[in-house]
Amino acid sequence: MIRYEIKKNYSFLQFNDSKSMYDYLYDLLKEGYIITDSFNLSIEVKLNDNYLLLSFLTPEINENIKDNIKALYKKDEIVYPDFNDTLLGIISGFKNNFGYDYKYPIISDVFDKKYKKMIIFILDGMGTNILMNNLDDDSFLKKHYVKSIHSIYPSTTAASTTSIKSGLSPYETGWTGWENYFKEIDQNIILFNGNNYITEKPTGINGFKNIPYKPFFAEMDNVKGYLVEPNFNNKNRTFDDILNQSLEYNKRCENQIQYVYYDEPDFTMHGEGPYDLKVKKLLKEIDEKIKSYSNKLTSDTLLIISADHGHRAVKNIDIYNLKLINELLKRNPSNDGRCITFKVKEGKNKEFENIFNILFDGYYILMKTNEAIEKGFFGLKDDKRSPRIDDFLADYVAFAINDRYFNYKGENNFIFKSHHAGITKDEMEIPLIILRK
């Protein structure tokens, strides 16, 4: 920490990271300082006539320090969840195509006739902004882009892909985030692999066994359904293998639905950022391979390419040991760094709301869980409530609305350069790319 004397009785304290600042703030409040102002992740406190301004940002340091910090703030465009305009509407179109009832409104401009074979192809993380800013205008994917729709919310893989495969909202499946709290063992579990989120040790519990679901086509008697996905236990299974398997299924003479999924460009963007040259190169390779793949599909096939969510560049806020927050909680936060849930101690709700909004105003919107559910963040009002919702979504949910994400795991956690699960435009808008054979 570096201290700058701005004027008499007013000092600016600049910290290297968020955790150091929040630890120092905690100690100041215990000494009797009171918070007098907060803006852009910075806190002003006072004791008697002495003022301190704390920040881990890097503004120009002069007598206008408060205005300089405020000027660093860039507001993001927010897109609220809308379950009447997601890939669940594509699933409805698939069902309708083969004569089955459906729930969610069918997405317009997609289903021009009845098809014998239908494929929904998910490229993980390839939101509309990723598509538009990383590929040339003459690329296959951009040439066949039709429009954008909303990501299923939460805009994260565990929630969105499970909804697409099941045809149900996260409110119904219970799959609301990357990891969640299982009361039967009092641990936060990564849903995909069953490991403890903090220790990464196996727990014997995972989402597929404990929150089961069926593919939406499982009970469609006149259709053969296929899931074509990576095998995360077999690193030798490539994108080419996925494409070839899909083509083998497509050759079969039958009414057919395929769900095809590939875990890129999401994986690369997390480590490199959304517009890095490595991402552009990767997407060009994906584009060329999908073009070749599409040319080999049989006639009477509808190919819909989209994403589970978008991506945006981010920086971390370390809250894994933030005493001002954690001392008010019954257990660790959970769900996802940009859609994070909190279980608050009895009688501490107002105090929690107050300190959270002071610290993170402009970067997160905090809602009581029931309010978020009522507003349709996790599904439609008449969706059947999963029995896991009360534990998983807890008392409060905070939705990211800017470029920060919460690192609530620990100091050795992977630091993301790009992320998702918030409600910014870049995370919430996904493309519809359509090829009709």
Side-chain angles (χ1 to χ4, degrees), residues 81-123 144 146-153 155 157-176 208 211-229 245-246 249-261 294 297-309 376 378-386 430-437:
D82 180 1
F83 278 83
N84 289 309
D85 181 47
T86 72
L87 289 175
L88 289 171
I90 297 297
I91 303 308
S92 289
F94 282 18
K95 290 181 177 181
N96 181 63
N97 183 82
F98 292 109
Y100 288 85
D101 294 336
Y102 57 91
K103 180 176 182 179
Y104 296 89
I106 296 174
I107 301 297
S108 61
D109 305 324
V110 178
F111 302 96
D112 60 327
K113 67 172 188 175
K114 298 292 183 181
Y115 286 87
K116 187 177 181 66
K117 300 174 183 179
M118 313 182 86
I119 301 172
I120 183 164
F121 199 127
I122 302 300
L123 293 171
H144 289 86
V146 174
K147 65 178 181 179
S148 292
I149 60 173
H150 288 72
S151 168
I152 292 167
Y153 196 78
S155 50
T157 301
S160 185
T161 59
T162 301
S163 284
I164 299 165
K165 286 193 283 186
S166 67
L168 304 172
S169 70
Y171 186 70
E172 295 176 293
T173 66
W175 287 66
T176 61
F208 297 110
I211 326 173
Y213 61 89
K214 295 179 180 179
F216 70 88
F217 47 69
E219 297 178 358
M220 297 171 67
D221 296 333
N222 61 340
V223 181
K224 182 67 175 177
Y226 300 95
L227 301 176
V228 185
E229 303 172 280
Q245 184 179 15
S246 174
Y249 290 146
N250 182 251
K251 292 177 183 177
R252 297 178 181 179
C253 185
E254 61 190 9
N255 290 335
Q256 180 186 113
I257 292 174
Q258 290 189 42
Y259 167 88
V260 185
Y261 166 82
S294 69
L297 294 172
T298 63
S299 61
D300 208 14
T301 296
L302 175 64
L303 172 63
I304 297 173
I305 302 170
S306 189
D308 48 351
H309 54 75
F378 302 99
L380 298 178
K381 290 183 179 180
D382 61 345
D383 286 347
K384 184 178 179 181
R385 185 185 185 103
S386 165
I430 59 174
L432 275 185
I433 298 162
I434 301 174
L435 179 71
R436 300 177 174 93
K437 296 281 285 193

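These numbers were taken from a predicted model, which means no experiment stands behind them. Each residue takes its place number in the sequence, starting with 1.
Residues Ser386 and Glu172 come closest through the heavy atom pair CB-O, 3.4 Å.
Here the CG atom belonging to Leu88 is positioned 12.5 Å from the CD1 atom belonging to Ile106, to the nearest 0.5 angstrom. Note that OG1 of Thr301 and CG of Leu303 are 8.5 Å apart. Values are rounded to the nearest 0.5 Å.
Ring pair Phe94/Phe216 is tilted by interplanar angle, where 30° to 60° counts as tilted. The aromatic rings of Tyr213 and Phe208 sit tilted, their planes meeting at an angle between 30° and 60°.
If you check the side chains of Asp308 and Thr157, you find a donor sitting under 3.5 Å from an acceptor. A donor atom on one side chain and an acceptor atom on the other are found under 3.5 Å apart for Tyr100 and Asn222. Judged by distance alone, the side chains of Asp383 and Tyr104 do bring a donor and an acceptor atom under 3.5 Å apart.
Note on residues 92-102: no pairs pass salt bridge (charged side-chain N to carboxylate O under 4.0 Å, His left out), not counting sequence neighbours.
Among residues two or more places apart in sequence or in another chain, the salt bridge (Lys or Arg N to Asp or Glu O under 4.0 Å) test is passed with Glu254 by none.
Not a single donor-acceptor pair under 3.5 Å links the side chain of Ser299 to the backbone N or O of Lys437. Side chain of Lys103 to main chain of Gly167: no donor-acceptor pair is present (N/O by atom type, distance under 3.5 Å, no hydrogens or angles).
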Next on the checklist: Ile119 vs Leu297, test: side-chain contact (heavy atoms from CB on, under 4.5 Å). Steps then yes/no.
Outcome noted: CA-CA 10 Å; Ile119 301 172; Leu297 294 172; 3.8 Å; yes
